[in-house]
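In what follows, a structure is listed as structure tokens, so that the remarks can point back to it.
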Amino acid sequence: MKAWATQKATRAARIEAGSRYARGKAVAAADLPRFLDAVLRPGDRVCLEGDNQKQADLLATALADVDPAKIHDLHMVQSGVVLPAHLDIFEKGIARRLDYSYSGPQAARIARMLFSGQIELGAVHTYLELFARYFVDLTPNVALIAAVSADVAGNLYTGPNTEDTPTIVEATSFKGGLVIAQVKEIVDQVPRVDIPGDQVHFVVEAGKPFYVEPLFTRDPAAITETQILTAMLAIKGLYAPYGVRRLNHGIGFNTAAIELLLPTYGETLGLKGKVCTHWALNPHPTLIPAIEAGWVEQIHCFGSEVGMEDYIAARSDIFFTGLDGSLRSNRAFCQTAGLYACDMFIGSTLQIDLAGHSSTVTASRMAGFGGAPNMGSDPRGRRHSSEPWLKAGAEADPDTHPHLRRGRKLVVQIGETFGDQNVPLFVERLEALTLAEKLDLDLAPVMIYGDDVTHIVTEEGIANLLLCRDRDEREQAIRGIAGYTDIGRGRDRKMVERLRERGVIRRPEDLGIDPLDADRRLLAARSIKDLMLASGGLYRPPSRFRNW
Amino acid sequence: MSVISALRNETTSWYEASARQRIDALVDRGSLTEFVGPAARETSPHLAIFGLPTQLDDGIVVGEAALDGRAVLVAAQEGRFMGGAFGEVHGAKLVGLLRAARATRRDVLICFDTGGVRLQEANAGELAIAEIIRALVLARLAGVQVVGLIGGRAGCYGGGGLIAACCSTLIVTEQGRISVTGPEVIETNKGVEEFDSKDRAFVWRTMGGKHRYLIGGADRLVADSAAAFRAAAIGALSSPTVLDAGTLDAEQARLERRLARFGTAEDATEIWSALGIDPVDDLPALDESSFLARAGGKRESADGAR
């Protein structure tokens, strides 16, 4: 007779093997290598928790130290490949196959290891896709996760950085998998229960907090006047006319400039209460002045941000917080919010081609996607209306009956024509294509597809791609705001002028913006210290951002 | 006036300002007459060899002006050009200014913003540092006050730190840093355990304006605004210091006492505690007035040499 509960039996066997090194659910950090040898099996699908912010760093190091003769051919399914140990696992032959979504700081090394065949790549996903596949065909056998504290029953407190944990545990624990958590300490009672103890099988006391990267802190001191000009264009040329209230911002300096211009420039335009009221956003320190000035009603967060804990706790009308007072973040829910409940995504990128495709991949760096494509795409399943969504839809498709017309999410790319190190933003051909050819991928790693992009903003103006009626117009609209890059110099002057007359291209002067007004004195905060002072001393910036 | 200029913060941040904006805001309005200005096109003869851009004033503005009605000579380094570093022309302009100060008995204001000597013209730059120090000391011996103002992004490092130490008064902001060897260079040579240049809070509490002020490495601590620098500069010129053998003896004795008192301290916070300041942990976060209220009376003073 066919056995129908083999997964549960396997889990019971893993728990029995692991219990030899545990007292109850608690495993001593010193016993981790032997413990992992006991509970893991060759070929296991393993989720090692880590994303662009929090990391199960102790478990990552321990996994990289297991004996590859015993544990090998693991299939890693995880959001982030961020720590050196994440790749050491492949170098040592402990793991072979990888499905992931983000690899910021390891982008160069992961590309080299993909070229050399040390990693067998499943796919590079967006966060939501990877989470979705946890419940369909990439369900982990073992999850190695991170929390702040646990009690003896295994109840976990994740603190402000809950992030991916509930999603990973849900998929693993309810499908016969084993959940192992690293915590800073085991306590009598956790401040709040983020993960119920019956879903957690083992707990390792690390004695120190898990690592968190302050990825969303942008120092106002580094914002340039060109970036301020792009921010003014976005506020006056997009936020105001579309009335964008629900949105997500990327992490670049252009969007940080927008956040810092709301209480100053935005105020003079009379936009307070009319734009930027509801957000799917991490707790960006650069949003503090706008929050303090009463612009923001509500923010849901993917994760937290180092140093923002006390500020968030003191602003529970704005943020989602638990009984303990601290932030409750949730990446899967916030990504869903960014996809379906926001009317605008605006972010920076590294390369944009003539079709409007954009990518942060270069030929030697495979940075992955993270969540930007979830936010930066038009959700075809959306069925509720809003003013910006309807207006954008009408611009794209004026001829269809309004009651049968889809709206459009505003997906905006913003940047300077020449970016960091004077590298042109606009290219004939994305380097992502070169990478795809080298690795024989089915798909080039495109961050935002051209047909999802509605506007591109540079210091030269705004290109409204919704109003372009064919490929040629689209190409000339992009060339028209590409300035002195080769792409910009290749424009058809007459056609660009016609596009400008139709409002497809809008220059600063068309919007009544004097580029000489783009001045750093417009920023509501010009330094990290200004942000700290604006928060009433509640924001405690990490040392690396201080100059005091 | 546009709406935008109306809402701008009218206090000019010294940290954010350029060399020319600093001088404009420092001296009496419109009183500057520049010497060897950009029109003279005295650019660096060395940078082109390295394919580097030059600047028409070689990164320093020098001239004569009035401060609260008093005739002074002024100099300001442009920290955004080559990190404000000293090259041949840059250095010569400051040497000339200091010699003129001695000849005309006019006090000098130097707005430092420098990483030290330009590597691309190192020999000329090092010679310039020596000549500047000589000219500065001779001017001071002739009774001229030389006031250093430090609060730019580049701080005051390398030879700039040596020159600053010879000034009669140093005015500094919290952001301003004063030292000879920079954080990255110390880390490269001595290791990250000795000096972690990425730990910015550590860098500032070791080299930053507040610490320098507390140990007598700077004389006046001001807020980051041109108006505060102007007021402090006026104050400094009206309380002149003397440079003679007695000053140097006193300073030598003070430095010996300092070494005996703080020589074993591992961190600036230990020195602050030893000075009798309590508490010390939030000292870096305090604004200037709260800081001065808590720590001002407990600092070491430098008596015209440091």
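These numbers were taken from a predicted model, which means no experiment stands behind them. Each chain gets a letter, A, B and so on, in the order its sequence line appears, and its residues count up from 1.
- Of the atoms belonging to R153(B), it is side-chain heavy atoms, and not backbone ones, that fall under 4.5 Å from chain A.
- Rounded to the nearest 0.5 angstrom, L149(B) CG and R230(B) CZ are separated by 12.0 Å.
- With chain B as the partner, the residue from R544(A), R546(A), R540(A) showing the most heavy-atom pairs under 4.5 Å is R546(A).
- Counting heavy-atom neighbours within 6.0 Å of K272(A) NZ, excluding the residue itself, gives a total above 12.
- Options K198(B), Q175(B), E16(B), H211(B) differ in how many heavy-atom pairs under 4.5 Å they form with chain A, and the most are formed by E16(B).
- Counting heavy-atom pairs closer than 4.5 Å to chain B, the top residue among E267(A), R520(A), M532(A) is R520(A).
- Shown are T255(A), I288(A), T286(A), D530(A); of these, the side chain to side chain contact (heavy atoms under 4.5 Å, CB included) with L260(A) is made only by T286(A).
- Pairs passing the ring-ring contact (aromatic ring centres under 6.0 Å, His included) check and including a residue from residues 172-197 of chain B, sequence neighbours excluded, read F195(B)-F202(B).
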